[in-house]
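The structure under discussion appears below in the form of structure tokens.
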Amino acid sequence: MTTFADLGLSQKVLSAVTDAGYTTPTPIQAGAIPPALERRDILGIAQTGTGKTASFVLPMLTMLERGRARARMPRTLILEPTRELAAQVHENFEKYGKNHRLNIVLLIGGVSFEEQYRKLERGADVLIATPGRLLDHTERGKLLMTGVELLVIDEADRMLDMGFIPDIERIVKLIPFTRQTLFFSATMPPEIQKLADKFLQNPARIEVAPPSSTAATVTQKLVACSGKDFEKRERLRDLIRSQTDLTNAIIFCNRKKDVADLYKSLEKHGFSVGALHGDMDQRSRTNMLQGFKDNEITLLVASDVAARGLDIPAVSHVFNFDVPIHAEDYVHRIGRTGRAGREGAAFTLVNRRDTKYVDAITKLITRDIEWLDGDKFAGTASDDADEAPRRGRRSDGKPGSSRCSGRKAGETETEAAKAEPINETAAVEPVANASAEPTAAPDAQESRPKRQEPSKRADPQQPKQASPEPANDDRNRNRRGGRNNEDRDPTPVGFGDDIPAFMMIGAGS
DNA sequence: AAAAAAT
């Protein structure tokens with residue numbers, strides 16, 4: 001079996017890898033490291049969680065041992081689509097480069113230029129950047145790309161999605177063609193292939209983990225739910241509480257505003273929760289993510305900024321509060337769990353308007369996703385239980401609310417949730433026929449848990465901390481102040497103590 | 001229809 005020692009890495013790198021506890025390279029590492037060390041171009045087709053980052057960090061460290069950087073002329077450049085990913089690559093360099101004395105510089109937006117100038121001035125062996133800030137620096141004349149010997153373009157397909165390709169092309173034009181180029185993408189649509197052909201010369205092609213596949217260790221469930229936000233939130237809370245093996249979870253929303261709203265709601269209900277989306281100031285983003293990684297926060301409500309690439313080990317659960325509109329996003333989102341062969345669970349809340357998106361997803365992953373507990377819309381009684389009757393045609397006077405609230409499991413009370421350990425772990429693993437609660441018959445069960453108003457300050461599964469760390473002052477102030485019209489005010493409160501002006505005005509979007 | 005990224 002191949003070990004790291006067989007790949008041609010330097011002693012310094014090997015010892016750092018060993019210290020980090022790794023002995024066996026992943027397929028992408030075993031495939032990409034040797035040709036990279038021979039200075040070949042690489043076309044790496046690999047998804048997150050395959051060890052992709054180390055597959056370029058380790059050979060780069062080895063190669064950088066010779067030579068040294070000159071002011072404003074970085075020797076290597078890594079382009080990343082998001083700030084978090086860039087920061088994460090930076091961490092990798094610190095971890096595996098601990099035996100080196102290299103200047104690693106992170107150039108991302110949302111933070112001040114001054115320190116970035118200073119570091120560039122000292123000479124960067126490795127520059128890790130998001131495209132916008134990098135171009136900004138070059139336009140200010142603080143950065144020369146003419147000394148770059150090695151270029152990494154990471155997550156190329158995502159760069160494409162985000163409209164970064166023109167920026168990338170501009171940047172690549174600034175770099176001598178004698179460079180070595182490592183190009184990574186999770187998928188290879190035609191545009192990306194064209195780009196690869198343009199940027200790479202006779203690359204070694206390494207492909208692992210077919211795209212649009214979901215890990216076999218992830219249990220996927222659909223959860224029928226109303227389209228009304230407050231009912232969805234309640235359904236989600238019940239779902240979270242009914243999990244017996246939840247250690248931490250990411251909850252995805254499609255919109256930033258919904259991230260903010262759900263975050264507030266969960267916090268109000270006593271969950272240990274953080275939020276992450278692109279309109280938060282950088283400091284809050286960093287704090288939230290770190291708090292989540294450090295297990296100070298159990299739940300992270302996020303936009304798709306967190307869907308790909310972020311290396312958060314051992315997420316036990318993913319909840320899609322919204323069905324992703326692009327099917328590929330589903331794959332990326334639930335790829336946040338079940339990593340490295342671990343077990344994971346992914347729940348997707350679905351209302352009837354979402355079914356076409358669900359169809360697209362099942363088509364993409366070429367398998368059906370089971371409904372939880374016999375949930376389903378499928379033209380049965382459940383149709384009436386959903387939101388349809390309420391908006392639009394007359395409600396036929398059914399006493400019961402939607403099934404969403406009707407099938408509350410834990411019965412709002414903490415007690416219930418704790419005392420009777422919901423052993424029917426139905427939520428997680430089993431094929432769960434409708435045995436426990438035939439949700440398909442709303443009326444039958446509707447009667448029993450007369451849903452009492454949203455539990456007063458229920459205390460779910462005893463979150464470790466009510467909130468992460470940022471800005472309690474502002475949060476509280478905002479919350480009190482905005483009480484009256486809080487529903488109208490989409491301003492994301494509580495995301496740090498310096499909410500940028502642009503978040504205050506058109507916060508709706 | 002939405003998110004990400006320079007300000």
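Numbered from 1 within each chain, the chains take letters A, B, ... in sequence-line order. Scope of the values below: all heavy atoms of this structure, side chains included, with no hydrogens, waters or symmetry mates.
Between B/dA3 and A/R333, no contact under 4.0 Å exists linking OP1 or OP2 to a side-chain N or O. Listed pair A/K257 / B/dA2 fails the phosphate criterion, with no side-chain N or O lying under 4.0 Å from OP1 or OP2.
Distance from the side chain of A/R83 is smallest for B/dT7 among the nucleotides B/dA1, B/dT7, B/dA4. Here the nucleotide nearest the side chain of A/T82, chosen from B/dA6, B/dA4, B/dA2, is B/dA4. Distance from the side chain of A/T130 is smallest for B/dA5 among the nucleotides B/dA4, B/dA5, B/dA1.
Going from atom CG of A/D154 over to atom P of B/dA4 covers 18 Å, rounded to whole Å. As a whole-Å value, the separation of A/R140 CZ from B/dA6 C1' is 9 Å. Nucleotide B/dA5 holds its C1' atom 13 Å from the CG atom of A/L79, rounded to whole Å. Separating the CG atom of A/D304 from the P atom of B/dA1 is a distance of 17 Å, rounded to the nearest angstrom. When rounded to the nearest whole Å, the span between CG of A/L134 and P of B/dT7 equals 13 Å. Going from atom CE of A/M159 over to atom P of B/dA6 covers 11 Å, rounded to whole Å. Taking atom CD of residue A/E328 and atom P of nucleotide B/dA3, one finds them 16 Å apart after rounding to whole Å. Atom CZ in A/F113 sits about 9 Å away from atom P in B/dA6, given to the nearest Å.
For a distance-only test at 3.5 Å, the side chain of A/H326 qualifies as a donor-acceptor partner of the base of B/dA1.
Note on A/D359 versus A/K363: no salt bridge recorded, every NZ/NE/NH1/NH2 to OD/OE distance being 4.0 Å or above. Look at A/K228 and A/E234 and you find no salt bridge, because none of the NZ, NE, NH1 or NH2 atoms lies under 4.0 Å from a carboxylate O.
By the 4.5 Å heavy-atom criterion applied to side chains, A/F183 and A/D41 are not counted as neighbours.
Using a 4.0 Å heavy-atom cutoff across all strands shown, A/G110 reaches sugar-phosphate atoms only and no base atom. A/D136 comes within 4.0 angstrom of a base, heavy atoms only. The residue A/E139 sits close to a base: some heavy atom pair falls under 4.0 Å.
Counting only residues at least two apart or in different chains, salt bridge (charged side-chain N to carboxylate O under 4.0 Å, His left out) contacts with residues 183-201 of chain A comprise A/E169-A/K198. For residues 136-172 of chain A, the pairs satisfying ring-ring contact (aromatic ring centres under 6.0 Å, His included) are A/F113-A/H137, A/Y117-A/H137, with sequence neighbours left out.
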